[in-house]
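Note sheet for the following structure.
Keep in mind that what you see is a predicted model, and the values were worked out from it rather than measured. Letters A, B, ... mirror the listed sequences (proteins, then strands); counts begin at 1. Note: hydrogens, waters and symmetry copies are ignored here, and every other heavy atom, side chains too, is used.
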There are 2 protein chains.
Amino acid sequence: MASIHDVAKEAGVSVATVSKVLNDYPDVSDKTRKKVNMVIEQLHYQPNVVARGLVKKRSWTVGVLLTVPFTNPFVAELLEGIKTALENSGYDLVRLSTRFDDPNYSFIKHCRSRNVEGVVVFGVERENPSIDELIHSDIPTMFVDTDIVGKRAGYITTDNQNAIQMSVKHLYELGHHKIAYISGTLGPSIANMRLEGYRQGLKNCNLPYLTSYLEVCDYSFDEGAAAMRRLLQLKEPPTGVVCTSDLAAFGAIYEIERHGLRVPEDVSVVGFDNTYHAQVFKPNLTTINQNIFSIGIKSIECLIALIENPDFSPPVITEPSELIVRQTTASPSVSI
Amino acid sequence: MASIHDVAKEAGVSVATVSKVLNDYPDVSDKTRKKVNMVIEQLHYQPNVVARGLVKKRSWTVGVLLTVPFTNPFVAELLEGIKTALENSGYDLVRLSTRFDDPNYSFIKHCRSRNVEGVVVFGVERENPSIDELIHSDIPTMFVDTDIVGKRAGYITTDNQNAIQMSVKHLYELGHHKIAYISGTLGPSIANMRLEGYRQGLKNCNLPYLTSYLEVCDYSFDEGAAAMRRLLQLKEPPTGVVCTSDLAAFGAIYEIERHGLRVPEDVSVVGFDNTYHAQVFKPNLTTINQNIFSIGIKSIECLIALIENPDFSPPVITEPSELIVRQTTASPSVSI
DNA sequence: CTGAAAGCGCTTACAG
DNA sequence: CTGAAAGCGCTTACAG
């Protein structure tokens, strides 16, 4: 690879001058500029970003910290948003490989050694020591779906509570009075916000909150089906079910149909996420659309703002969601 | 951030000595080593990988070039394998953000400027100019699912032909004689290999190859359904269908059921990929399992070998696949 | 308008 | 065993 020295020598100028044309400094004569650019072309010279970063104390890279696999649909779409926001930004995305074989491994040290300028974090439990290091550090950070703020750390999430309230309201307006809720694992803030949305949603409709109508699962198809099975065994099974993932919703639908009932004629089901599955598999799922792509985009926009502007305060963003009514919700039949 | 100079000063030694303990050189007295390590600890010193890379002319990063979105299940699982192979390897993964706003943007220049040491490529058409640059360059490259080799470039793919042959054979052994094939878009090498597998599979069973039994779709649910619709309109509709994606298979099943027929009693369907959907949605899909995760792992193992060993020849790897028999294939009923 | 020099944070012969 | 010096490929005051 040709270096700036090769170009300088070939063009008969100093490296300082080459650097100046590289960086569009005005104090270079047209003649010199042309000459240098010619040589650059001819030598296929490409400035070394790493060397430049060393002197400018920058790296033009942002990191991602993900504990959830890439195969998770949320992660996949989040990354798609992140990637899109990064195009033309001048920043590249780096996934830091953890080194579990090193007992002293620390995510934040890794960021430092790589000069990563900012990081997007998703799916890391609050208890993880890296989180604490991160929020007390001066490394710009955007958390996704975790309500953590720090010195230079903000977060972005969906309006989880409102989303579930909308689902409950939708079922109520269709005429449902027995509305159950299949929650994701309780603990993380989004699960709590959503549960609160269920309770508030019922209250808004003057419906009682019954613990027998609250089921918890891990967002999966199988546990969604299992939760539904328990609900169907109740003396008064629900006629409407609000789920916190599309997969759990599909599990519930599977179970409802296995019991000889129909969706939506006998039981209405609402999902959450509006993943690929919701639109493709049958019946098309009524679900909450999260703007995951947009969350990805904004997380990067905020991160870059935090990086490039020390006065930019860590933002807290709630992204709106919407109810997408498809084929799995309808007015309850009288038969049940 | 403390630098090596800070450590040297604090420990009362030269930077050369600090560097030596950092790199486990033997020619340092125990006493000095201890002292230096103490100071490192106390200053939370973290060597700057970028600076080290500048002198060693390395970056310990590998890049990925993907044109397919992260939401594609194959991509997601491939990345999961890549990520896994990278843990503890010392290499980090970089996704290079393209700069379409720069008319001179070139992927390979970007790699060079970032000092990326090797790259994994998936889903890029053969015609893309970056491909040509890449295979003629000395940048170690592993192509996934594209049969390209170059100076330092190898590839890895599934045994596509054999996979489809297995599917055909499976149906034949169940008693099917009317076996249709819903291909993915023809052109790319994997589609051609698979089509060859269909033809060869029929030949092995002494079945005729009928063009009316060949349908082409884009791997999606909707086009899979549309292709199936056409097959069902034939005078002699098939009793068995081999698809080249799980999604297309689910589309086909949807269409079969919409026609009042049952799977597998009336028509058997085989998918391809063994994605998440195949195991989760009902009926559980009989499909070809591609070891995508393993392809991800091996692509990185080969890439690192290419990087670290100039004598290592660019490999060509065919990863075995297997037929997973589930609920969508059975012996044909006589009624059809 | 141009370039010599110092420096970013490291490593590595080499001399002592 | 230790350290001064040169160098990796750049940028940026500063002097001329």
inquiry  = Distance check needed: dG3(D) P versus K9(B) NZ, whole Å only.
reply    = 15 Å

Stems where DNA chain C pairs, listed by first number, each of three or more Watson-Crick or G-U pairs under 3.5 Å = C:1-3 with D:14-16, C:5-12 with D:5-12, C:14-16 with D:1-3

ask   = With respect to V144(A), which candidate in L66(A), L78(A), V75(A) satisfies the side chain to side chain contact (heavy atoms under 4.5 Å, CB included) definition?
value = L78(A)

ask   = Where the side chain of N291(B) meets the backbone of S294(B), is there a donor-acceptor pair that is under 3.5 Å apart?
value = no

request  = Sorted by first residue and then second, give each side-chain hydrogen bond (donor to acceptor under 3.5 Å, both in side chains) pair with at least one member in residues 117-128 of chain A; sequence neighbours left out.
outcome  = R58(A)-E117(A), N128(A)-S130(A)

inquiry  = Please enumerate all residues that pass side-chain hydrogen bond (donor to acceptor under 3.5 Å, both in side chains) together with E301(B), with sequence neighbours excluded.
reply    = none

request  = Please assess K151(A) against D138(A) for the test salt bridge (charged side-chain N to carboxylate O under 4.0 Å, His left out), listing each intermediate value before the final yes or no.
outcome  = CA-CA 6 Å; K151(A) 218 165 118 191; D138(A) 49 5; 5.3 Å; no

inquiry  = Strictly under 4.0 angstrom, non-hydrogen atoms only: write out the protein contact profile of nucleotides 7-16 of chain D, one letter per nucleotide from the 5' end, B, S or -.
reply    = BBBBBB----

query = Hey, does the side chain of T17(A) come within less than 4.0 Å of dC1(C)'s phosphate (OP1/OP2), counting only N and O?
reply = no

ask   = Is any side-chain heavy atom of R112(A) less than 4.5 Å from a side-chain heavy atom of M1(B)?
value = yes

remark   = ring pair (Phe, Tyr, Trp, His ring centres under 6.0 Å) pairs touching residues 68-87 of chain A, sequence neighbours excluded, are F74(A)-F122(A)

task = State which residues pass side-chain hydrogen bond (donor to acceptor under 3.5 Å, both in side chains) with N115(B); sequence neighbours excluded, sorted by chain then number.
result = none

